[in-house]
Amino acid sequence: MEATSIEAVKKSVRTYILVFVALMVLTVVTVAVSSLHLSVGAAITVALIIATFKATLVAGYFMHLLSERKLIYSTLILTGIFFLVLMFLPISHMLDGLG
Amino acid sequence: MEIPYTSSARADTGLYNAKLGVWLFLASEVMLFGALFSSYVLLRVGAASWPHGYDLLNIPLATVNTVVLITSSVTMVMSWASLMMKNFSRFRMYMGATILLAFVFLVIKYIEYTGKFSHDIFPSTNTFYAIYFTITGLHGLHVIGGIIVNAYFWSRGSRMWKTDPQRFTNRIEIAGLYWHFVDLVWIFLFPVLYLL
């Protein structure tokens, strides 16, 4: 839904406030989970899942990505592919070490 | 010569030009921070031992900063929504709050940094602090950049509201895209550097 009319924007404002509350709750959850001092693997997994969820909320609602044009999605998909390559570099280095 | 498609969308892209421009800029920013995150992972997996961020860094201050930055993202989007609802004075209030919160973030960061420096901890101390100061320093520079742009739109730049309200609203939308990106980077930095 593109927020163009005043009514639509008013509706979006309610959504922004809900997203804000969700982000605050998730921040508290992130800190609470870290105080449990889980094993490194579990801690990384949980922290990254929560952070990704928070990032999705920010990008989806505040950056209006849920209702964006195709060209922006294409740009971001391409960026995502290159980002994954960057993240794969240290992993490939790790695998090298194992071999 | 008039710059084309500042207010209305181009037929082929469906976007006003500046929006596509800012998204392309943000794509390059993803790669910039991505390279540093990748370096962080490489350094961490390659180290014989790696400290827990929560043993070395100030979690309460960083948590407050997370809350501050998320709140500033909300005030930023509310400043755009205010313009969409043709309420300029509310825009000024929300944009002012965004700038103020950004300063609060920097002050807290300053307290964190000087706390480390006073204990003779610098980027050269060890690899953990080297990557910590590099990534948070670069993020801090982005916050300063956001303050400069937002302060312009809050003050002198807001004159455009009278001459070309649609273009001004678009400017606030894309300044918001940048600001939310800065928030988004912090959402990952906070757990990765401080909590793991």
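Since we're looking at a predicted model, the values are computed, not measured. To find a chain, count down the sequence lines: A is the first, B the second, and so on, and within it residues start at 1.
Taking each heavy atom of A:Met63 and B:Trp23 in turn, the nearest pair found is CE-CH2, 3.8 Å. Considering all non-hydrogen atoms of both residues, B:Ala81 and A:Tyr16 come closest at CB-CE1, 4.5 Å. Looking at every heavy atom in both residues, B:Tyr54 comes nearest to A:Ser34 through CE2-O, 4.5 Å. Contact record, A:Phe82 with B:Met31: CB-CE, 3.5 Å, taken as the closest heavy-atom pair.
Heavy-atom pairs under 4.5 Å with chain B were tallied for A:Leu86, A:Leu71, A:Ile91; the largest tally goes to A:Leu86. For the set B:Ala9, B:Gly34, B:Ala62, B:Gly46, the entry with the most heavy-atom pairs within less than 4.5 Å of chain A is B:Gly34. Per-residue counts of heavy-atom pairs under 4.5 Å with chain B were compared for A:Thr79, A:Ile72, A:Thr27; the largest is that of A:Ile72. For chain A, the option among B:Asp12, B:Asp183, B:Val185, B:Val30 with the highest count of heavy-atom pairs below 4.5 Å is B:Val30. Comparing A:Val13, A:Leu57, A:Val19, A:Leu89 by heavy-atom pairs within less than 4.5 Å of chain B, the highest count is held by A:Val13.
Interface remark: B:Val41 contributes backbone and side-chain atoms alike to the contact with chain A (heavy atom separation under 4.5 Å). For B:Leu196, the part sitting under 4.5 Å from any heavy atom of chain A is the side chain, from C-beta outward, and nothing else. Of the two parts of B:Thr13, the backbone and the side chain both hold a non-hydrogen atom closer than 4.5 Å to a non-hydrogen atom of chain A.
Taking OG of B:Ser38 as the start and CZ of A:Phe83 as the end, the distance is 8.5 Å to the nearest 0.5 Å. Atoms CG and CD1, on A:Leu26 and B:Ile187 in that order, are 9.0 Å from each other to the nearest 0.5 Å. Atom CG of B:Leu26 and atom OG1 of A:Thr75 lie 11.0 Å apart (nearest 0.5 Å).
Residues B:Phe188 and A:Thr52 meet the side-chain proximity criterion, which asks for heavy atoms closer than 4.5 Å. Looking only at side-chain heavy atoms (C-beta outward), A:Val40 and B:Arg44 come within less than 4.5 Å of each other. Looking at heavy atoms from C-beta onward, A:Glu68 lies in side-chain contact with B:Lys19 at the 4.5 angstrom threshold. A heavy-atom distance below 4.5 Å is not found between the side chains of B:Met78 and A:Phe20. For the pair A:Leu48/B:Val192, a side-chain contact is recorded, criterion being any heavy-atom separation below 4.5 Å from C-beta on. Inter-residue side-chain proximity for A:Tyr61 and B:Val77 is flagged as unmet; no heavy-atom pair is nearer than 4.5 Å.
No path of Ile, Leu, Val, Met, Phe, Trp and Tyr side chains, each step under 4.5 Å between heavy atoms, connects A:Ile17 with A:Val28, placing them in separate hydrophobic clusters. Under a hydrophobic clustering in which Ile, Leu, Val, Met, Phe, Trp and Tyr are joined whenever their side-chain heavy atoms come within less than 4.5 Å, directly or via other members, B:Val107 and B:Phe190 fall into the same cluster. Under a hydrophobic-cluster definition in which Ile, Leu, Val, Met, Phe, Trp and Tyr are linked whenever side-chain heavy atoms come within less than 4.5 Å, directly or via other members, B:Val64 and A:Val21 are assigned to the same cluster. Cluster membership check: A:Leu84 does not share its hydrophobic cluster with B:Tyr40, using side-chain heavy-atom separations under 4.5 Å among Ile, Leu, Val, Met, Phe, Trp and Tyr. Under the 4.5 Å side-chain heavy-atom criterion for Ile, Leu, Val, Met, Phe, Trp and Tyr, B:Tyr16 and B:Ile3 are members of distinct hydrophobic clusters.
Between B:His52 and A:His37, the ring planes are parallel. Angles under 30° get that label, and only those over 60° would be called perpendicular.
Side-chain N or O atoms of A:Arg69 include none that pairs as donor or acceptor with a backbone N or O of B:Leu15 at under 3.5 Å.
Residue B:Phe103 qualifies as open at atom CZ: its count of foreign heavy atoms under 6.0 Å is 12 or below. Within a 6.0 Å sphere centred on CZ of A:Phe53, other residues, nucleotides and ligands contribute 12 heavy atoms or fewer. Within 6.0 Å of CZ on B:Arg92 lie more than 12 heavy atoms contributed by other residues, nucleotides or ligands.
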Next on the checklist: Let's go through B:Thr71 and A:Met24 carefully: what are the C-alpha distance in whole Å and the side-chain angles of both, what is the deciding distance for side-chain contact (heavy atoms from CB on, under 4.5 Å) to 0.1 Å, and is it a yes or a no?
Outcome noted: CA-CA 9 Å; B:Thr71 310; A:Met24 287 297 145; 3.7 Å; yes

